[in-house]
There are 2 protein chains.
Amino acid sequence: MSVQERKERERAGRERLILATARELAEQQGWDAVTTRRLAERIEYSQPVLYSHFRGKREIIGAVALVGAAEMAASLRAAARAADGPRARVTALARAYLDFAERNPAVYDAMFRLDGGLAFANEDTPEPLQDAFAALLESLGEVAGDGVHPALFTEVFWAALHGLATLTRAGRLPPEETERRAELLVDRLALV
Amino acid sequence: MSVQERKERERAGRERLILATARELAEQQGWDAVTTRRLAERIEYSQPVLYSHFRGKREIIGAVALVGAAEMAASLRAAARAADGPRARVTALARAYLDFAERNPAVYDAMFRLDGGLAFANEDTPEPLQDAFAALLESLGEVAGDGVHPALFTEVFWAALHGLATLTRAGRLPPEETERRAELLVDRLALV
DNA sequence: CTCGATTGTCTAGCAATGCTAGGATCGAGT
DNA sequence: ACTCGATCCTAGCATTGCTAGACAATCGAG
């Protein structure tokens, strides 16, 4: 059995290598530059190897998205934990979210802009994505206000952050005032 | 000179045909299905003809985006005009925006999600895009609140709407509660 | 009316893309 | 040492955006 175990270990290692390489390449040159050929060349295997791990490029994007979701959830929780009081937590949360999107644009795209073949908004949604939403909910639920469903409030807040992140990165909004926009958003949306 | 004029008229007509066809195809099957070959076939010309009107696919997307922006601006203004009072205007505006995005997903993508090679957030921004933003500003400026820059407020509001529109359409948010989310957004962001 | 030139259009082709079939190679277990 | 299955690669397909160069239609001058 040891032989089989070793093989599985090697396989898992190579899968991590593929994902790390895809992510790195995407961050460096954008997802368009992540072609199966280039990716295969960088991991020093031929293209068909990729297809023994993933169904195709879409699934690779999806896998990177899941890794990113876990990271984002951790970042959000860390930021919330470091802040005192509900209001400060929300501010920190918003900053952390926008910061993550700015620092990991390719991963963010994989999560929310590209089609990674992932299920959303239903029971089939992969755990890391549900957990990232939960991380938002934990801090936002307490400032939703009476009579407002926490999940609905979180969705709206999230959508606003998502809009700011994507429009800014696409050059639709001047980046200089990101901070002021985030402040305004928190000021209005968070009740005390 | 009349000959030349006729040719220019025909040329302009064909350009409109290209754009209308591209838009129709994109709305029916998505922008991925808008290939130069398919597009050329539908307009009953060969592919190179497309390149005598536009630099490439990107520029076609950009041109569709401009047409869409003009339409959206008109829709937003019509909705605002039909409402009484600042608060009702904002509600109507939000509804009209989300409605436009839902009814013209391909055009919306061309405007805000895809790369149409257009300039944004600077003085080179094409007029229709500036005007669409102006249409938002007209109704939103009056509910920004004291001491809040109207343009900044509009950007935040717009980003929130954009987030709702894109996340909903990408299946990230369940569509049933769109209306409630929009209400919550207006409730919180618009000051009276 | 004819002819040359210009304008316009098409056929054919390039390189790059995602993906796959089929054969070669390597190694585990007898 | 040998067999057989798993593993990997070479080669290739269809499709994409885009372009070069040949061909045809049309216009203006004589």
Side-chain angles (χ1 to χ4, degrees), chain A residues 1-19 21-23 25-26 28-65 106 109-110 114-118, chain B residues 1-19 21-23 25-26 28-65 106 109-110 114-118:
Chain A
M1 283 301 149
S2 167
V3 165
Q4 198 170 349
E5 282 175 17
R6 193 204 69 214
K7 287 200 174 181
E8 288 207 12
R9 252 199 331 270
E10 287 173 358
R11 224 186 123 70
R14 194 171 62 181
E15 190 156 316
R16 276 195 302 275
L17 175 63
I18 293 174
L19 292 180
T21 308
R23 175 176 179 169
L25 194 50
Q28 283 171 358
Q29 311 181 35
W31 277 105
D32 279 350
V34 183
T35 69
T36 55
R37 280 171 178 75
R38 240 191 298 262
L39 186 51
E41 193 191 11
R42 290 226 181 175
I43 64 169
E44 295 181 318
Y45 281 94
S46 69
Q47 298 142 35
V49 166
L50 300 175
Y51 292 85
S52 75
H53 287 270
F54 305 96
R55 266 178 219 279
K57 188 181 173 181
R58 161 187 300 197
E59 211 169 76
I60 294 176
I61 294 174
V64 170
D109 282 352
L114 302 177
D115 179 12
L118 301 175
Chain B
M1 282 301 149
S2 168
V3 165
Q4 198 169 351
E5 282 174 18
R6 193 203 67 214
K7 288 202 172 183
E8 290 206 9
R9 249 197 335 270
E10 288 172 356
R11 224 186 122 70
R14 195 170 60 180
E15 189 155 317
R16 276 195 303 276
L17 175 63
I18 292 174
L19 293 180
T21 307
R23 176 176 178 169
L25 195 50
Q28 284 172 358
Q29 311 181 33
W31 278 105
D32 278 351
V34 184
T35 68
T36 55
R37 279 170 179 76
R38 241 191 297 263
L39 186 50
E41 193 191 10
R42 290 226 181 173
I43 64 170
E44 296 180 317
Y45 281 94
S46 67
Q47 300 141 37
V49 167
L50 300 175
Y51 292 86
S52 75
H53 288 270
F54 305 96
R55 265 179 219 277
K57 188 180 174 181
R58 161 186 302 199
E59 211 169 77
I60 293 177
I61 293 175
V64 170
D109 282 351
L114 301 177
D115 179 13
L118 301 174

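Convention: sequence-line order gives letters A, B, ...; per-chain numbering from 1. If you're wondering where the values come from, they're calculated on a predicted model, not measured in any experiment.
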Side chain to side chain contact (heavy atoms under 4.5 Å, CB included) partners for A:A12, two or more places apart: A:R16

Any donor-acceptor N/O pair, B:R23 side chain to B:V64 backbone, under 3.5 Å: no

Side chains of A:I60 and A:V34 in contact at under 4.5 Å (non-hydrogen atoms): no

A:E44 CD: over 12 foreign heavy atoms closer than 6.0 Å: no

Salt bridge (Lys or Arg N to Asp or Glu O under 4.0 Å) partners of B:R42, counting only residues at least two apart: none

Short side-chain N/O contact to D:dC18 OP1/OP2 from B:T36, under 4.0 Å: no

Residues in side chain to side chain donor-acceptor pair (under 3.5 Å) contact with B:Q47, at least two apart in sequence or another chain: none

Passing candidate, side chain to side chain contact (heavy atoms under 4.5 Å, CB included) with B:T21, options B:L17, B:L19, B:I18: B:L17

Any residue of residues 9-19 of chain A with a heavy atom less than 4.0 Å from an atom of DNA chain D: A:R14

A:E8 CD - D:dT7 C1' separation (whole Å): 15 Å

Residues from residues 37-51 of chain A lying under 4.0 Å of DNA chain C - heavy atoms: A:R37, A:R38, A:Q47, A:P48, A:Y51

Residues in side chain to side chain contact (heavy atoms under 4.5 Å, CB included) contact with A:E41, at least two apart in sequence or another chain: none

Distance, rounded to the nearest Å, where B:I60 contributes CD1 and D:dG17 contributes C1': 11 Å

Whole-Å distance separating the CZ atom of A:F54 from the C1' atom of C:dT20: 18 Å

Euclidean distance, atom CG of residue A:D32 to atom C1' of D:dG17 [Å, nearest integer]: 12 Å

